[in-house]
Amino acid sequence: MIIVMQAGASRQEIEHVMDRIKDLGYDPHPIHGVERTVIGAIGDERGKLLLEQLVSVEGVENVIPILKPFKLASREMRSEPTVIEVSNVQIGNGGFALIAGPCSVESEKQIIEAARAVKKSGANMLRGGAFKPRTSPYSFQGLEKEGLELLAKARQETGLPIVTEILSPENVELVAEYADVMQVGARNMQNFALLKKLGKVKCPILLKRGMMCTIKETLMSAEYILSSGNPSVILCERGIRSFEDSMRNTLDLSAVALIQQWSHLPIIVDPTHGTGVKSLIAPMCKAAIAAGADGVMVEVHPSPETALSDGFQALVPDEFQELAEAIRPYLELEGKTL
Ligand code: PEP
Ligand code: MN
């Protein structure tokens, strides 16, 4: 339920309502807007009749149900788009993230070269996996802590904030020490123990859509993080499995437009994993911007032929430079700033 406070309700009135929500066994999540405060009361749906009584409390204007199953993530709860700040980068409401870098961190030379190149072309964040989720246990699994240290060096060298994947709950503290954004990969989107733990950290979370998950399930996973206390979630469309076998996945760009209608959270697109086809990355970036995406994430490797993971889909620095130039008019048209 949403408790809508009157415009100009006092701090004491708001605090009193928060206390009453707690007394009734719900978690209060206030959003202080320019004009008024609204408080989401999150908890067991069955007791919502109790919350309706709050309409008679001083300072309350209305009590309304949130119809969507994802409550805190919904536009009903917050009509304004959420903007997530990572260092000096703003994501959402016109702020655009251009995230680029290799699939995996492989060596100091590789990550520093990649970081310098993507920075030069205009990327505002660096990606690179230190913990890698691989289909085969025999494939390169990532440099782990050493990879995180190398990412920190690349950040120091270029000033680019880093996005890196968190694979398991036991590594949350370690990865949080290094990452500016922690990525939850497609294979982990419904690892609820991990999502709950990420709700307790201060770091923003990039939540990738599971390859077999619906849009509603994706937003329910975001809800796990939000309801556990972390309000900074960036969603990522990265393609889903379908009968189509000409591409690695089927990039569902309609999800971007629909999620923006349903949720205030920013959403970016990963056309690299979404298609697995280099020649489709530029057109899909342009289409993502037209669909309303708040960013794109692209794999870039200084030497794809020697890459330890996903080399076949990585752009080389010159190709990334071309891509970064090619999307500029589209960003301008949509009123987005890098
Ligand atoms: C990645 O970003 O390198 C990755 C493993 O992505 P996904 O989880 O979308 O497959
Ligand atoms: Mn990859």
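Since this is a predicted model, take the numbers as computed values, not measurements. Just follow the structure's listing: the first ligand is 1, and inside any ligand the first atom is 1. Heavy-atom basis, side chains included; hydrogens, waters and symmetry copies ignored.
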What is the closest protein heavy atom to atom 5 (C) of ligand 1, and at what distance does it sit? Glu165 OE1, 3.8 Å
Side chain to side chain contact (heavy atoms under 4.5 Å, CB included) assessment of Ile31 paired with Met77: CA-CA 8 Å; Ile31 293 178; Met77 177 66 199; 3.7 Å; yes
With a 4.0 Å heavy-atom cut-off (strictly under), which part of Met211 contacts ligand 1: side chain, backbone, both or neither? neither
Check each atom of ligand 1 against the heavy atoms of Cys103 and keep those under 4.0 Å away; list them by number with element. 3 (O)
Could you tell me the separation between the CG atom of Leu126 and the CZ atom of Arg116, rounded to the nearest 0.5 Å? 12.5 Å
Just which atoms of ligand 1 are under 4.0 Å from any heavy atom in Gly185? 8 (O)
Which protein non-hydrogen atom lies closest to atom 6 (O) of ligand 1, naming both residue and atom, and how far is it? Lys208 NZ, 2.9 Å
Looking only at non-hydrogen atoms, the one of Gly239, Gly128, Ala186 nearest atom 8 (O) of ligand 1 is Ala186
Do side-chain atoms of Glu76 reach the backbone of Lys68 as a donor and acceptor pair under 3.5 angstrom? yes
Going by atom types only, do Glu244 and Asn249 share a side-chain donor-acceptor pair under 3.5 Å? no
I need the atoms of ligand 1 closer than 4.0 Å to a non-hydrogen atom of Arg187, numbered in the order shown. 7 (P), 8 (O), 10 (O)
Distance-only donor-acceptor check, side chains Gln6 and Glu61, under 3.5 Å: no
Can you tell me how far CD1 of Ile225 sits from CE of Met182, rounded to the nearest 0.5 angstrom? 9.5 Å
Rounded to 10°, how many degrees is the angle OD2/Asp310-the Mn ion (ligand 2)-OE2/Glu299? 130°
Tell me whether Gln183 reaches ligand 1 (any heavy atom closer than 4.0 angstrom to a ligand atom). yes
Which protein non-hydrogen atom lies closest to atom 1 (C) of ligand 1, naming both residue and atom, and how far is it? His273 CE1, 3.3 Å
Side chain to side chain donor-acceptor pair (under 3.5 Å) pairs, two or more places apart, involving residues 299-313: Ser104-Ser309, Glu106-His301, Gln110-His301, Arg127-Glu299, Arg248-Asp310, Arg248-Gln313, His273-Glu299, His273-Asp310, His273-Gln313, Glu299-Gln313, Ser303-Thr306, Asp310-Gln313
Which residue holds the protein heavy atom closest to atom 9 (O) of ligand 1, what is that atom called, and what is the gap in Å? Arg238 NE, 2.6 Å
Close side-chain approach of Val269 to Val256, heavy-atom, < 4.5 Å: yes
Would a 4.5 Å heavy-atom cut-off, applied to side chains only, mark Tyr330 and Cys285 as touching? no
Within a distance under 4.0 Å of any heavy atom of Glu299, pick out the atoms of ligand 1 and give their elements. 3 (O)
So is there a nitrogen or oxygen of Asp270 less than 3.5 Å from a nitrogen or oxygen in ligand 1? no
